[in-house]
Amino acid sequence: MYGDMSGSLGWIGGLRGVGHLLRMTMESGKRVYNAFSIAPKPITVIVEGNIGSGKTTFLKHFQKLPDFAVVDEPISKWRDCQGHNLLELMYKDPQKWSLCFQSYVQLTMLDLHVKPVLKPVKMMERSIFSAKYCFVKNLKDQGLMNDAEYTVLTEWFDFIQETIPLQVDLIVYLKTDPQVVFERIAARGRTEENSITLPYLQSIHKLHEDWLIHKKFGPVPRVVTVDANEDLSKMMTSYSMCEETIIQKVAIANY
Ligand SMILES: Nc1ncnc2c1ncn2[C@@H]1O[C@H](COP(=O)(O)OP(=O)(O)O)[C@@H](O)[C@H]1O
Ligand SMILES: Nc1nc2c(ncn2[C@H]2C[C@H](O)[C@@H](COP(=O)(O)O)O2)c(=O)[nH]1
C-alpha cells in the first residue's frame, strides 16, 4: 500500500556516521548528493496531524533547507475549484457536500503524491491516506456520508492503491490534544472553520491515533511522533530531531 524503499532502521547506529556526514554537507549549504557524487534515491515523508496541529508551520522550517522539497496541502484548490469553495460547502452542509469534497481531496492529493521533485526529500502535508482513514471514515461514522457514497470513494481509493505506487518512507505525526488545536483554529480564524467543534476534533484525533499508533487500518510505514502541544518557541528541538531522522532515512535509502 505504502511504497517503502529502505530496510530496517535498526542500522541507525551504524549509519550515524553517514547521517553526520550528510548533516555536515547539508549544514555547509552544499547539496546532499555531493556526499554521494550521484543523485540519492529520493524519499517521501508525509506530515500528518489534526486540524491546526502545526503541519504548515512545521513544514516552513524544512522549506528553508536546500535538499527538502515541501508539497503543501492543496487547500487553495479546495477553497476555489473553478469558483466553488468546496471546503466551505462541506462545512456548511456535510451531508450534501462531503462526497463532492472528498472526491476532490482524493484527486488533488493523488496529484501531489505522483508529483516528481528534484530534491532528495519530498515532504507532503497530509496524504490520500489521512483523507481516507481519518476524514472520510469520520464522515461515515457520524452518518454524514451514506454507505453508497462511502463505497464509491473506497473503490476509487482501492483502485488507486492497486494501480499507482504511492511512495511513503516515513510519517511524521504531529500529536496534539484536541483542546489545544481547538484554540489554535479559533485564533487562526479561517472563516470556513468557524463551525468546527471540540467533539469533531476529538473524533479526528482518535482516528489519527487508530491509524498511526494502534494501526487499526493495516500496516503503516515508520511513524515519528512529535509532541506538537508545545508552544512554538519550544518546537525547534523537535524540528531538528525530525530533520536528523529524515537525513538518516536518506542515508539508509542510499546505503
Ligand atoms: N507549536 C505551536 N504553538 C502555538 N501555535 C502554533 C504552533 N504551531 C502552529 N501554531 C499556530 O496554530 C495555527 C495552526 O497552525 P498550522 O501550522 O496552520 O496548522 P495545520 O497546518 O496543521 O492546520 C496557526 O495560527 C499557527 O500560527
Ligand atoms: N472533511 C475533510 N476536511 C479536510 C480533509 N483534509 C483537510 N481537511 C480540512 C481540515 C481543515 O479545515 C482544512 C485544512 O486542514 P489543516 O489541518 O491543514 O488546517 O481542510 C479531508 O480529507 N476531509
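Counting convention: from 1, in listed order, for ligands and their atoms alike.
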| request: Look at E193 together with R188 and state whether they make a salt bridge at an N to O cut-off of under 4.0 Å. | output: yes
among protein heavy atoms, the one nearest atom 11 (C) of ligand 2 is E193 OE2, 3.1 Å
Ligand 2 and T56, any nitrogen or oxygen pair closer than 3.5 angstrom? no
Value for CG (D231) from CG (N229), rounded to nearest 0.5 Å, stands at 10.5 Å
Under 4.0 Å between heavy atoms, the region of L87 that gets near ligand 2 turns out to be side chain
Worksheet entry | Connected via hydrophobic side-chain network under 4.5 Å: V168 and I164 | yes
Query raised in the report: Does a salt bridge link D147 with K140, judged by any charged N lying under 4.0 Å from a carboxylate O?
Result: yes
Notebook entry, point to check: Are side-chain heavy atoms of Y150 and L139 found at a separation under 4.5 Å?
Noted result: no
The atoms of ligand 2 lying under 4.0 Å from a heavy atom of I75, numbered in the order shown, are 13 (C), 14 (C)
Practice problem: Ignoring angles and geometry beyond distance, decide whether W78 reaches within less than 3.5 Å of ligand 2 through its nitrogen or oxygen atoms. | Solution: no
Here the salt bridge (Lys or Arg N to Asp or Glu O under 4.0 Å) pairs for residues 107-118, sequence neighbours left out, are K77-D111
Heavy-atom proximity to atom 17 (O) of ligand 2, picking from E88, K55, R79, points to K55
Ranked by distance from atom 22 (O) of ligand 2, the top protein heavy atom is Q102 NE2, 3.1 Å
- Assess E192 for proximity to ligand 2: is some non-hydrogen atom of it under 4.0 Å away? no
One finds that the ligand 2 atoms under 4.0 Å from a non-hydrogen atom of R126 are 6 (N), 7 (C), 15 (O), 16 (P), 17 (O), 18 (O)
Under 4.0 Å from one or more heavy atoms of E125, ligand 2 contributes atoms 18 (O)
Taking only non-hydrogen atoms of A131 and a 4.0 Å limit, the atoms of ligand 2 in range are 22 (O)
Checklist entry - Side chains of E243 and H61: is there a donor and an acceptor less than 3.5 Å apart? => result yes
Would you say the ring centroid of F217 lies under 6.0 angstrom from that of F129?
no
Quiz item: Is it true that the side chains of N194 and E192 contain a donor and an acceptor less than 3.5 Å apart?
Solution: no
| task | Assess R188 for proximity to ligand 2: is some non-hydrogen atom of it under 4.0 Å away? | result | yes
Residue, atom and distance of the protein heavy atom nearest atom 18 (O) of ligand 2 read E73 OE1, 2.6 Å
Hits for side chain to side chain donor-acceptor pair (under 3.5 Å) against S127, two or more places apart or cross-chain, chain-then-number order -> E48
Residues at least two apart in sequence or cross-chain that pass side chain to side chain contact (heavy atoms under 4.5 Å, CB included) with D80, listed by chain then number, are none
Counting only non-hydrogen atoms and a 4.0 Å cut-off, the residues near ligand 1 are N50, G52, S53, G54, K55, T56, T57, E125, R184, R188, E230, D231, L232, M235
Quick note on ligand 2: atoms under 4.0 Å from a heavy atom of R190 include exactly 13 (C), 14 (C), 19 (O)
| Does L107 belong to the same Ile/Leu/Val/Met/Phe/Trp/Tyr cluster as V136, with side-chain heavy atoms less than 4.5 Å apart forming each link? | no
For the aromatic rings, using the six-membered ring if either is Trp, is the centroid distance between F101 and W78 under 6.0 Å?
yes
Honestly, for K132 the part within reach of ligand 2 (heavy atoms, under 4.0 Å) is neither
Q. Any side-chain donor paired with an acceptor under 3.5 Å for E149 and S98?
A. no
The answer for which part of V105 has a heavy atom under 4.0 Å from ligand 2 is side chain
Quick note on ligand 2: atoms under 4.0 Å from a heavy atom of Y91 include exactly 9 (C), 10 (C), 11 (C), 12 (O)
